[in-house]
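Position 1 is the first residue of the sequence; numbering continues from there. These numbers come from the heavy atoms of this one structure, side chains and all, not from hydrogens, waters or symmetry mates.
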Amino acid sequence: MKNAWTIRNALLWGMKQLEAPEYSSPRLDVEILLSLALSLDRTFLYAHPEGIVQDEALQQYKSWVSLRRAHYPIQYIRGSQEFYGRDFIVRPGILIPRPETELLVEACLNLCKEYRPASGPIRILEIGTGSGCIAITLSAENPELQVAATDIDPLAAKTAARNAQLLLKDPSWIDLFVSDLGSCVSSSCQLDFIVSNPPYVGWNDSGSVDPSVRLHEPETAVFSGETGFEFFQRIFTEIRRLLKPEGFLLLEIGSGQAAALEELGGKCGWKLIAAHSDLAGIPRCLVFSPDPDRREDFTRQLSF
């Protein structure tokens, strides 16, 4: 076949399309897209660089590379994203799970090991569940937890429910609600933990956001308002009624927000008792108590 494309040719062409500095991983991107088009594992590409790419697969691959060139997320093309060792369905309109959010899950699971409720199981509410990656992972890692999750977007709740069906032995382990924050939860339903990866980017900082996020991921899940602190303010003021005095609020935060959020939380009567940093040493998860007089030694016992 005189004009046939080999795997090597296809990869080189794809990388040429994504050679601008704004594309951080062109080689990886085109390998993923070509392996998807061929319905083969990426290792096959390395082992068979002279393999012929059939026309139907080639046209599909070129179409996907064009989408990626327009900063369309590969996760939406692939339809999934790995999180905490599990593949979660993601689709346009759903926030794509990030590796840094695993720190929030880890912090919550470690707290659960030390926390002893007065009666019954540990009750956890996730606010803004998106794909359901946080709530589902908590349930999968510790089925004894009683987990509920909310999202204001019906598409997100539907996607989370589908992921629960696929990833949990029993999808009834978690309850999912279409709700703004915790408005669906009665004040008489006192919770042990509330966790959230809220929108925390301000419109003032939108220019620094990766184009794939700014252009294609849901605005309501990324941007909080002008400053980036608006949603945190709502959490601090509106969900206190749902948390036991001895409970915890765990929040994922943006880079450089820790000090301002400690101050904001303090003004609303919350005490920052722990901050957990990512591998780069940047605080990305804050743990608050609704009791400003909570003893410091409890936090030191956790040491995670």
Side-chain angles (χ1 to χ4, degrees), residues 81-90 94-95 97-98 100-198 221 235 238-252 274 276 285-290 302 304:
Q81 171 62 24
E82 188 271 340
F83 182 85
Y84 219 87
R86 300 175 179 87
D87 283 328
F88 284 79
I89 293 172
V90 291
I94 301 299
L95 185 71
R98 265 59 172 192
E100 53 264 31
T101 303
E102 295 185 359
L103 182 65
L104 180 67
V105 171
E106 197 70 30
C108 188
L109 290 172
N110 280 321
L111 270 176
C112 290
K113 294 175 183 177
E114 301 291 333
Y115 185 86
R116 296 292 180 271
S119 63
I122 295 174
R123 307 178 75 181
I124 299 175
L125 174 68
E126 183 200 358
I127 293 173
T129 195
S131 66
C133 63
I134 295 173
I136 291 169
T137 301
L138 291 173
S139 290
E141 294 295 315
N142 187 348
E144 294 183 0
L145 301 176
Q146 185 173 320
V147 181
T150 69
D151 202 291
I152 197 171
D153 184 1
L155 176 62
K158 183 178 180 180
T159 303
R162 180 58 179 157
N163 280 321
Q165 290 175 342
L166 295 173
L167 297 173
L168 293 178
K169 292 181 180 179
D170 185 351
S172 68
W173 286 349
I174 67 170
D175 295 310
L176 294 163
F177 303 97
V178 178
S179 171
D180 184 21
L181 271 72
S183 60
C184 65
V185 182
S186 169
S187 296
S188 62
C189 180
Q190 293 291 282
L191 300 162
D192 297 289
F193 300 143
I194 295 176
V195 300
S196 183
N197 172 22
I235 289 176
E238 296 181 32
I239 58 89
R240 190 189 192 94
R241 65 182 180 85
L242 302 176
L243 197 63
K244 294 178 181 177
E246 67 272 22
F248 295 98
L249 169 64
L250 294 90
L251 299 172
E252 180 173 323
H276 306 290
C285 172
L286 300 184
V287 183
F288 288 90
S289 167
L302 299 175
F304 50 86

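Counting heavy atoms from C-beta outward, D192 and I124 have side chains that stay 4.5 Å or more apart. For the pair P290 and F288, the minimum side-chain heavy-atom distance is 4.5 Å or more. Between C133 and Q81, every side-chain heavy-atom pair lies at or beyond the 4.5 Å cut-off. When side chains are defined from C-beta on, F177 does not count as touching L125, because their heavy atoms never get closer than 4.5 Å. Within the 4.5 Å cutoff, no side-chain heavy atoms of Y84 are placed close to those of P97. Proximity of I239 to L191: side-chain heavy atoms (C-beta onward) are nowhere separated by under 4.5 Å. Between I235 and I194, the closest side-chain pair of non-hydrogen atoms is not below 4.5 Å. Using a 4.5 Å heavy-atom cutoff, the side chains of I134 and C108 are not in contact.
Between the side chain of D151 and the backbone N or O of G130 there is at least one donor-acceptor pair closer than 3.5 Å. At least one donor-acceptor pair closer than 3.5 Å links the side chain of T150 to the backbone N or O of L181. A distance-only check finds a donor-acceptor pair linking the side chain of N110 to the backbone of E106 [under 3.5 Å]. With hydrogens and angles disregarded, a donor-acceptor distance shorter than 3.5 Å links the side chain of S179 to the backbone of C184. With hydrogens and angles disregarded, no donor-acceptor distance shorter than 3.5 Å links the side chain of D180 to the backbone of I152.
Annotation: the span from T159 atom OG1 to L176 atom CG amounts to 10.5 Å, rounded to 0.5 Å. Note that CG of D87 and CG of N163 are 9.5 Å apart. Values are rounded to the nearest 0.5 Å. Between L249 atom CG and I127 atom CD1 the span is 7.5 Å, to the nearest 0.5 Å. Note that OG of S139 is 5.5 Å distant from CD1 of I174, once rounded to the nearest 0.5 Å.
Looking at every heavy atom in both residues, I94 comes nearest to A156 through CD1-CA, 3.4 Å. Across S131 and I136, no two heavy atoms sit closer than the pair O-CD1, 4.2 Å. Across all their heavy atoms, S196 and L104 have their closest contact at O-CD2, 3.7 Å. The two residues P117 and K244 have their closest heavy-atom pair at CB-NZ, 4.2 Å. Nearest heavy atoms, F83 versus E102: CE1-CG, 3.5 Å. Nearest heavy-atom pair across H276 and L103 is O-CD2, 3.5 Å.
Pairs passing the salt bridge (charged side-chain N to carboxylate O under 4.0 Å, His left out) check and including a residue from residues 153-174, sequence neighbours excluded, do not occur. The salt bridge (charged side-chain N to carboxylate O under 4.0 Å, His left out) pairs that include a residue from residues 120-147 are R86-E141, where partners are two or more places apart or lie in different chains.
Using bins of under 30°, 30° to 60° and over 60° for the plane-to-plane angle, the ring pair F248/F193 lands in the tilted bin.
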